[in-house]
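Here's the structure, in structure tokens; my notes come after.
Lettering of chains follows the sequences in order, A, B, ..., and the numbering in each one begins at 1. Just so you know, these numbers come straight off a predicted model, no measurement behind them.
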Protein chains: 2
Amino acid sequence: MTTPQQFDRLTPDGDTHERDVCRTCGFVDYQNPRIVVGSVVRHQGKVLMCRRAIEPRRGFWTVPAGYLELNETPEDGAKREAREEALANLELGELLAIYSVPRLSQVQLIWRAELIDPGAGAGAALYGVGEESLEVELFDWDKLPVDEIAFPTVHWMLGHEREVMEKGYSGPFGNAG
Amino acid sequence: MTTPQQFDRLTPDGDTHERDVCRTCGFVDYQNPRIVVGSVVRHQGKVLMCRRAIEPRRGFWTVPAGYLELNETPEDGAKREAREEALANLELGELLAIYSVPRLSQVQLIWRAELIDPGAGAGAALYGVGEESLEVELFDWDKLPVDEIAFPTVHWMLGHEREVMEKGYSGPFGNAG
């Protein structure tokens, strides 16, 4: 279990791109861009954010989002991430945005969402805090932790959600900034 | 290079899902859903289709589409696939549809597109035929090879493109039928 991996860079037969092939066992490590699914979650005029308990960007604020898993629809993945990170159940609305971050080989699919049935003490307590979060909080739009946002795309999606709230929905946004 | 791979199914530390871990070298084979990028390409009132030269579904008709590569934007990937399969240069329009095929762990991003500068003999000859295609052809919408379409999602996207042509664009479609 601890033998270090040694890969050669080869173009396998019938392929058009070079891949990493393990010298030890011949395994071809096909790497593909990864899909991040997430949501901008509204509740009572506020927006739900999570303070990250894990690297990268531990301690910074983000929305519920993460990697899509095998055999999962993107919509189910976005809901799962909200359950895991904020113990929140969502009703998804329109697809807010599709961002691509080619440097990281990432494509992000971000939905608009509403919190379902957060119970009596919803204003601040919400459901609780998932293992990957230090805090989960509902922010007023004019009190967002703008200086402690984890990733550029989180700025983009908050801006795009505001634009939809003001002007209505007209299809998903692409990269901003 | 020919040692057969032997994987154990384990949940690595700090992970929430089981992964395949190589018994020989400890490599964790993180598998993620794959992103297919493609386009419905219009030209002079017709639609471009490719007859597949490769499995699966060799001999059946599809649109230019394939897996997004690392460090590639989805838009660039959709254009690359059209170059590879139909030697065609595209101008992309709106995002036509996002389909998910969880059984195959696939998410498909499909654009509307127009053929750029196909030259004088554009009607039938187009640019040529890529290695992955047996034929490339422009079809009238009422003469599509409906009984020889390679994949269900190709039926969906042709139907969705027709709907946009008739009613205008109003955001990307999701899964059909």
Hey, does the side chain of Ser100(B) reach the backbone of Pro74(A) with a donor-acceptor pair shorter than 3.5 angstrom? no
Counting only heavy atoms not in Glu18(B) (residues, nucleotides, ligands), do more than 12 fall under 6.0 Å from its CD? yes
So with a 6.0 Å cut-off around CZ of Arg103(B), is the heavy-atom count from everything else above 12? no
Answer with yes or no whether the hydrophobic clustering places [X] together with [Y]; edges join I, L, V, M, F, W, Y residues whose side-chain heavy atoms lie under 4.5 Å apart.
| X | Y | result |
| --- | --- | --- |
| Val164(B) | Leu90(B) | yes |
| Met157(A) | Leu104(A) | no |
| Ile98(B) | Val63(B) | yes |
| Leu95(B) | Leu48(B) | yes |
| Phe60(A) | Phe151(A) | no |

Could you tell me if the side chain of Val107(A) sits less than 4.5 Å from the side chain of Leu68(B), heavy atoms only? yes
Step-by-step salt bridge (Lys or Arg N to Asp or Glu O under 4.0 Å) determination, Glu69(B) to Arg19(A): CA-CA 11 Å; Glu69(B) 291 286 347; Arg19(A) 314 290 175 184; 3.2 Å; yes
Pairs of heavy atoms under 4.5 Å with chain B: top-ranked of Ser170(A), Gly174(A), Ser105(A): Ser105(A)
Look at Pro172(A), Gly171(A), Gly77(A) and state which one has the largest set of heavy-atom pairs under 4.5 Å with chain B. Pro172(A)
Asn32(B) versus Leu70(A), closest heavy-atom pair with distance: C-CD2, 3.6 Å
Chain A contact via [X] - side chain, backbone, both or neither, heavy atoms under 4.5 Å:
| X | value |
| --- | --- |
| Ile54(B) | neither |
| Thr73(B) | both |
| Gln31(B) | both |

